[in-house]
Amino acid sequence: MSNDEYPTENPAVVTAGLPYANGDLHIGHLRSYTAADALNRALNAIGQQSAYVCGSDMHGTPVAVNSWQQGVDPEEFALEWHEQYEETFPKFDVEFDNYGHTHDETNTELTREIVCTLEDEGYIYEKTIEVAWDPEEDQALPDRYVEGTCPYCGEQARGDECDEGCGRHLEPGEIEDPVSTLTGNPAEYRKREHKFFEVSALADYLTEFLDDLEGTDNAQNQPRQWIEEGLQDWCITRDLDWGIDYPGDEAEADNLVLYVWVDAPIEYVASTKQYSERVGANTYDWEAVWKDGQGGVSASDASGGSPDERREAGGEIIHVIGRDIIQHHTIFWPTMLQVAGYNAPRAVCATGFITINGKGLSTSRNRAIWAREYLDEGLHPDLLRYYLTTNGGLQQDIDFSWEKFADRVNGELVDTLGNFLYRGLLFAHRNYGGRPDVGVSEEVEDRIEEALEEFNEAVNEYDVRGIGTAPVDLARFGNEYIQRNEPWNLVNDDPDAAAQVIRDCVQLAKAIAVLAEPVLPGKAEAIWEQLAEDGSVHDAALSAALDAPPESFDEPTELFAKIEDDRVNELDAKLADRIESTASDDEEDANEGTAAADADEGTDTADDGAVPDMEPIVEDRISFEEFQELDLRVGRILSAEPIEGADELVRLEVDIGVETRQIVAGLQQLHDVDALPDTKVIVVANLEKAELFGEESNGMVLAAGEQADLLTTHEDAVPGTRVR
RNA sequence: AGCGGGAUGGGAUAGCCAGGAGAUUCCGGCGGGCUCAUAACCCGCAGAUCGGUGGUUCAAAUCCACCUCCCGCUACCA
């Protein structure tokens, strides 16, 4: 690659993060696919050769677990999702030049080849670790395939994480009393050889890589921190039978499969390769992009040449991803590429998250706008593309609500852009049958050139928002221009001047079509047709914005329709109902009170700040007997001292009458520790023991809220008195 | 708590990396204009000490330090 301004001499590739073949697509996904799609289209428009590739991520434990639970073959399971994605993307005009999947032959072969190179280069080593094993099925139990007891807190936990207890990450082999989630049988531990990729040896390379990396700030700053903290080597194999077999006879016999994050990013390369093979290397050469265009590089050449030299030669690799997978794209992936002798990415653009009505998107709570649902509503894809790409900067979190959506669509697309095009072209058609036969005025030509320049700058800064707002800004100018010149009066007073103004408007319309193509491809094509232009706007270069449109064209039609308030309310109500019903399925009538109120009032007051930051009262009532299970006692703090190395934790000796307990509490920064002794407190005496920072905590001291306001007694109840 | 990302007129956003004109645009409010156009469009007004405090500088929204609050990740939330 280069760090030269686009367009460069090298071919470019834009990739979007692979969708995981395990669930429906929603607007969170769509945000990065539409952004990357727009970026790719814009690159092409400014004359940069560029391809847009992606594919479905088929492997990994979740697919294995879910398909197994449904009793279907994992390949079949994942392929079904893959096919759905493949059908859905074009409906949003997300046009991949190639869309493959990680289980196809190209990716499988390429992955094995790359892993072999990593081995040959000496960056892979074996290490024996203990893994859980189901003796009956004679199968290893990675990650979520095993449950058991957390060795730290005694809670029920998953193989890789104590998810309901202390939250600790668990290394393979740590969990006690392991049980197979497949059969429910007790699992045993077996020693297994696994492969590790020596990421830690490449810290210097990564630092250098990050210095040149373009894209969003977060993709550059986060990994710097991880490097400073020290990089861990990366276990790249799993005991699974779903995935790409680890190359080599011995490993294959062992049933070792590559960790899903090894083969997933390689799909970027594989997908580019498939595209290249389909159109021919003369048209698009994947090796020129990913290798260095010098006819392939052997591993030894790769490590020999300086990174700079290899960069100059290769293509412009641009990754668009979600913020949650920065680590994979800025640590693991570039080190793999480097060792395997491939080119480094030029840019990593990490998008922010999306909230719905101000709350976090949650697929399990059904708080999401699903891709299919949006289409079923009959809404034009360009509307959502526009909203998602122009609402804020790429790395900003953005909020979605139907109200905001309608607001932007109506104000910017309908009133500004749509209305300018319609009034201008209608005027032109009625009075001149098309484009008046005069040249463009200098003012308008200058303004269009300025717009093209801004567009070009936006592309160079990966500023998708700027790409999307460029046509709207130009339309805004158009409205101001036509208003200022009043051609409807000039038609009678000064026909030549009128013709000039309308000529300018027609040119602006054409420029808008060209500028709108990346974000509003469907609507841009419609403008193109209204102008009776030949060919497709998708193939038009940016410079076409200044070429004269055809002399005659038909009566234009309105490009966009307003989204009326009723429609917004309807969409909003549907969303609210759906979230509501999902919630009630889950937790019965936990939200009964508010649900009833909402049903009557519509959705206006549903979520808005009516309730301050207080947590709602838990609606599920417990019985008196259940309450009795809590053994609450009055206690008196005898001593308190900070725990070394912990910021908040204090070790307390508490007299609870029958005995003295050691209890660890998070009070250090909220209380004067020296003043704690002799304070009376309320203790949960029968809470199970926990270990924090190596200290046993035998019970829990009650305190209210963030400030840890300690609960105490009002009169003189003695330690040990039961609270009821 | 550590680390990232934020904080800009009533709401939402741009500008910050490469410091200097009246701080951008959208929604909303007020007043006016136009009538070609989808009650659309245009003009004007009100409204921001650019989260706070210091510092660097001739000059700070922009750079530096510290702090406060929000959002994520991680977590010592027993």
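Each chain gets a letter, A, B and so on, in the order its sequence line appears, and its residues count up from 1. Computed from a prediction, not measured in an experiment: that's the story for all the values here.
For D407(A), there are no side-chain contact (heavy atoms from CB on, under 4.5 Å) partners two or more places apart in sequence or in a different chain. Taking the side-chain contact (heavy atoms from CB on, under 4.5 Å) definition, one finds that A475(A) meets it with T416(A), L417(A), F420(A), I512(A), sequence neighbours left out. Applying the side-chain contact (heavy atoms from CB on, under 4.5 Å) test to E551(A) and every residue at least two apart in sequence or in another chain returns R435(A). Qualifying side-chain contact (heavy atoms from CB on, under 4.5 Å) partners for E558(A), counting only residues two or more places apart in sequence or in other chains: Y422(A). Residues satisfying the ring-ring contact (aromatic ring centres under 6.0 Å, His included) criterion with H380(A), sequence neighbours excluded, are absent altogether.
Annotation: U53(B) and G44(B) have their C1' atoms spaced 39 Å apart (nearest Å). On the C1' atoms, A61(B) is 14 Å away from G52(B), given to the nearest whole Å. Here the separation of G28(B) from G22(B), taken at their C1' atoms, is 23 Å to the nearest Å. A distance of about 11 Å separates the C1' atoms of A18(B) and U62(B), rounded to the whole Å. Using C1' as the reference atom, C50(B) and C63(B) are 16 Å apart when rounded to the nearest Å.
Each ring-ring contact (aromatic ring centres under 6.0 Å, His included) pair with one or both residues in residues 390-411 of chain A, not counting sequence neighbours, appears once here: Y387(A)-F400(A), Y387(A)-F405(A), F400(A)-W402(A), F400(A)-F405(A), W402(A)-F405(A). Evaluation of the salt bridge (charged side-chain N to carboxylate O under 4.0 Å, His left out) test over residues 493-512 of chain A, restricted to residues two or more places apart or in two chains, returns K510(A)-E533(A). Applying the salt bridge (charged side-chain N to carboxylate O under 4.0 Å, His left out) test to pairs two or more places apart or on separate chains, those with a residue in residues 467-476 of chain A are D473(A)-R476(A).
Each of D397(A) and I482(A) has a nearest nucleotide on RNA chain B; the 5'-most of these lies closest to I482(A). Between F353(A) and G392(A), the residue anchored closer to the 5' end of RNA chain B is G392(A), taking for each the nucleotide with the nearest heavy atom.
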Scan nucleotides 5-9 of chain B against the protein and return all N/O pairs shorter than 3.5 Å with their distances rounded to 0.1 Å.
unit_1	atom_1	unit_2	atom_2	d
G5(B)	OP1	N221(A)	ND2	2.5

Polar atoms only, N or O, under 3.5 Å: list the protein pairs with nucleotides 30-33 of chain B and their distances.
unit_1	atom_1	unit_2	atom_2	d
G33(B)	N2	Q483(A)	NE2	3.0

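Counting any heavy atom pair closer than 4.0 Å across all strands shown, R430(A) reaches sugar-phosphate atoms only and no base atom. Contacts of F420(A) with the nucleic acid, taken as non-hydrogen atoms under 4.0 Å apart, are absent. Residue E412(A) is classed as a sugar-phosphate contact, given heavy-atom separations below 4.0 Å to backbone atoms only. If you check every strand for non-hydrogen atoms under 4.0 Å, N419(A) touches a base. The residue L559(A) sits close to a base: some heavy atom pair falls under 4.0 Å.
A straight line from CG of D399(A) to C1' of C70(B) spans 14 Å, rounded to a whole angstrom. Separating the CG atom of L421(A) from the P atom of C41(B) is a distance of 13 Å, rounded to the nearest angstrom. The separation between W488(A) atom CH2 and A40(B) atom C1' is 12 Å, rounded to whole Å. In this entry the distance linking CG of N479(A) with P of C43(B) reads 9 Å, nearest Å. Between L210(A) atom CG and C17(B) atom P there is a gap of 21 Å when expressed in whole angstrom units. If you take NZ of K562(A) and C1' of A39(B), they are 8 Å apart, rounded to a whole angstrom. Protein atom CG of N410(A) is 21 Å distant from nucleotide atom P of U25(B), rounded to whole Å.
Look at Y422(A) and you'll find a side-chain N or O under 4.0 angstrom from OP1 or OP2 of U38(B).
Between the side chains of D655(A) and T660(A), no donor-acceptor pair of N or O atoms lies under 3.5 Å. Between the side chains of Q483(A) and R423(A), a donor-acceptor pair is found at a separation under 3.5 Å.
Between R224(A) and D211(A) there is a salt bridge, since a side-chain N of the basic residue sits under 4.0 Å from a carboxylate O of the acidic one.
In this pair, H328(A) and W261(A) present their aromatic rings parallel. The plane angle is below 30°, not in the 30 to 60° band.
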Open item on the list: Output the pairing pattern of RNA chain B as a dot-bracket string, 5' first, Watson-Crick or G-U wobble with both distances under 3.5 Å, | for cross-strand pairs, [ ] for crossing pairs.
Closed with: (((((((..(((.......[....))).(((((.......))))).....(((((..]....))))))))))))....
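Applying a 4.0 Å cut-off to non-hydrogen atoms, the residues of residues 454-478 of chain A that approach RNA chain B are E461(A), R465(A), R476(A), listed by residue number.
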